[in-house]
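Taking it in order: structure first as structure tokens, then the write-up.
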Amino acid sequence: MLHRLSLVALALCAAPAFAQSDTIAIGMVLEPPNLDPTAGAAAAIDEVVYANIFEGLTRFGPDGSVMPGLAESWTISDDGLIYTFALRQGATFHDGTAFDAEDVKFSLDRARADDSANAQKALFAGIADVTVVNPTTVQVTLSAPDGAFPFKMAWGDAVIMAPESADDAATAPVGTGPFKLTRWVQGDRVEIERNPDYWGDAPALASATFRFISDPNAAFAALMAGDVDAFPNFPAPETLGQFEADPRFTVIVGSTEGETILAMNNKAEALSDIRVRQAIAHAINRQDIIDGAMFGYGTPIGTHFAPHNPDYLDLTELSPHDPDRARALLAEAGAEGLSLRLALPPPSYARRGGEIIAAQLRNVGIETQITNLEWAQWLEQVFKGKDFDLTIVSHTEPADIDIYAREDYYFQYADPAFQEIMAELDITTDPAERSVLLQNAQRKIAEDYVNGYLFQLAKTGVANANIQGLWENSPTQANDLTGVSWTQ
């Protein structure tokens with residue numbers, strides 16, 4: 001018996017301490033409503049498919065830089081109007097069909113069509129024409145110079161699809177990426193596997209599973225039990241200290257593009273008065289919201305722009321916490337006794353933050369009627385239907401201040417003077433001049449008190465300590481697995 005145990009011990013000592021793993025389980029708070037990033041506004045779509053299943057002409061790197069994607073290079077004409085993209089040779093879609101310039105033309109024309117369902121249709125508004133030069137070269141002609149065009153093509157909304165499979169992308173996405181869909185168990189998980197015919201470097205992972213766990217307590221339990229290996233956007237920041245003290249885990253704290261705002265319907269009767277919007281802004285105590293809803297994780301903001309951006313202006317001084325000023329403004333506007341509807345989507349920053357904001361508004365004389373909405377309901381009622389007074393949401397699209405120029409956007413601002421700033425920005429390529437315009441835009445919406453600007457969402461993730469390559473920051477909403485691997 002002792003001899004047998006000794007042999008077993010020797011065998012165990014000779015074996016590696018950890019078996020090499022080539023699969024991973026990723027936790028996500030929200031399940032995507034569909035898997036077509038060109039026909040949906042939900043960030044959860046890109047969190048599954050961006051860089052994994054679908055690719056665009058360009059893509060964002062982990063540091064936010066714009067990198068080559070399906071276009072290996074591009075040139076710009078002297079007048080700034082014509083972008084000529086040299087495409088990857090040998091790339092194929094997951095169904096075996098070849099990728100070529102016709103697919104690029106189809107995708108861009110589809111995105112900018114009058115009947116386009118693309119949630120970011122404005123990205124393509126400057127395209128005047130898309131021409132196929134040959135199978136590996138496509139020429140995009142713009143109606144005006146746009147120095148940000150390669151940046152726009154890196155968005156998840158600009159990925160390339162084939163006409164044969166685009167109509168089924170919501171449930172059966174077919175891209176050119178390093179992973180392909182194997183199964184979507186709605187309400188539970190999405191499974192993907194390595195694409196053996198990928199044109200680029202093969203990922204280290206052979207497969208991955210995205211598990212949808214909306215409850216913070218369940219997310220904590222899933223990590224502790226090993227049911228998920230990483231939760232890149234962990235919904236229970238109050239427990240991060242426990243993970244930091246546990247050598248089995250790594251806590252990853254970075255920044256996001258997520259401007260978290262108390263969005264206001266600027267065409268609602270009471271909120272069309274700037275004094276009421278300003279009163280709401282002064283009623284808000286940002287730090288209390290960050291501490292109470294995010295357990296101290298988050299950066300106060302006074303406008304819709306990421307603090308890590310070099311063009312950021314700190315305009316929090318325009319809307320300091322000042323309840324007396326808020327009450328005076330409400331009295332001046334004849335809005336004492338005001339009651340507003342507050343619609344809250346599922347994320348914890350919204351549900352927790354909503355309760356805190358409701359108390360802060362009550363303190364200055366504004367009552368709120370809170371309604372908790374599921375994500376699909378929020379998209380339908382608030383984002384599309386504009387049936388709300390107030391809501392809390394984090395806008396995670398990169399450098400998206402241009403949404404304030406859109407005529408039909410859900411908070412219904414679209415001020416002509418702001419639109420002029422954006423129109424000038426669109427045709428400006430000089431970096432210094434673009435910086436001035438972006439700062440003018442930030443100040444304009446802050447001084448108009450379009451929304452209540454709360455905080456920049458921190459990226460707080462937890463992962464098994466043996467995992468490497470997960471993004472620290474979130475230059476776009478993505479769980480890019482192309483560089484992820486196990487160290488042991």
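- Taking the side chain as every heavy atom from C-beta outward, Leu373 and Pro345 never approach each other to under 4.5 Å.
- Donor-acceptor pairing under 3.5 Å is recorded for the side chains of Gln419 and Glu407.
- For the residue pair Asn265/Gln412, the side-chain donor-acceptor check at 3.5 Å is satisfied.
- Note on Arg434 versus Asp311: no salt bridge recorded, every NZ/NE/NH1/NH2 to OD/OE distance being 4.0 Å or above.
- Ionic pairing of Asp157 and Lys121 is not present here: no N-O contact between side-chain nitrogen and carboxylate oxygen is shorter than 4.0 angstrom.
- The residues Glu55 and Arg88 are annotated as not salt-bridged, no charged nitrogen and carboxylate oxygen being separated by less than 4.0 angstrom.
- The closest side-chain heavy-atom distance from Asn372 to Leu344 is below 4.5 Å.
- A donor atom on one side chain and an acceptor atom on the other are not found under 3.5 Å apart for His395 and Glu257.
- The aromatic rings of Phe231 and Phe234 lie perpendicular to each other, with more than 60° between the two planes, well past the 30° mark.
- Side-chain N/O atoms of Arg286 and Ser319 include a donor and acceptor closer than 3.5 Å.
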field: Audit row: Phe124, Trp155, ring-ring contact (aromatic ring centres under 6.0 Å, His included) steps and yes/no
entry: CA-CA 11 Å; Phe124 313 93; Trp155 283 48; 9.3 Å; no
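- Taking the six-membered ring for Trp, Phe411 and Tyr409 have ring centres closer than 6.0 Å.
- Between Thr396 and Gln477, the side chains place a donor N or O and an acceptor N or O closer than 3.5 Å (distance only, hydrogens not considered).
- A donor-acceptor contact closer than 3.5 angstrom links the side chains of Asn451 and Tyr404.
- Residues Pro232 and Ile252 fail the side-chain proximity criterion, which asks for heavy atoms closer than 4.5 Å.
- With respect to Pro173, the side-chain contact (heavy atoms from CB on, under 4.5 Å) criterion is satisfied by exactly one of Val48, Val159, Val190, Ile53: Ile53.
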- prompt: Which is it for Phe54 and Phe179 under the ring-ring contact (aromatic ring centres under 6.0 Å, His included) test, yes or no, and what are the steps along the way?
  reply: CA-CA 9 Å; Phe54 286 114; Phe179 295 94; over 10 Å; no
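- For the pair Tyr453 and Leu315, the minimum side-chain heavy-atom distance is 4.5 Å or more.
- Between Ile160 and Thr176, the closest side-chain pair of non-hydrogen atoms is not below 4.5 Å.
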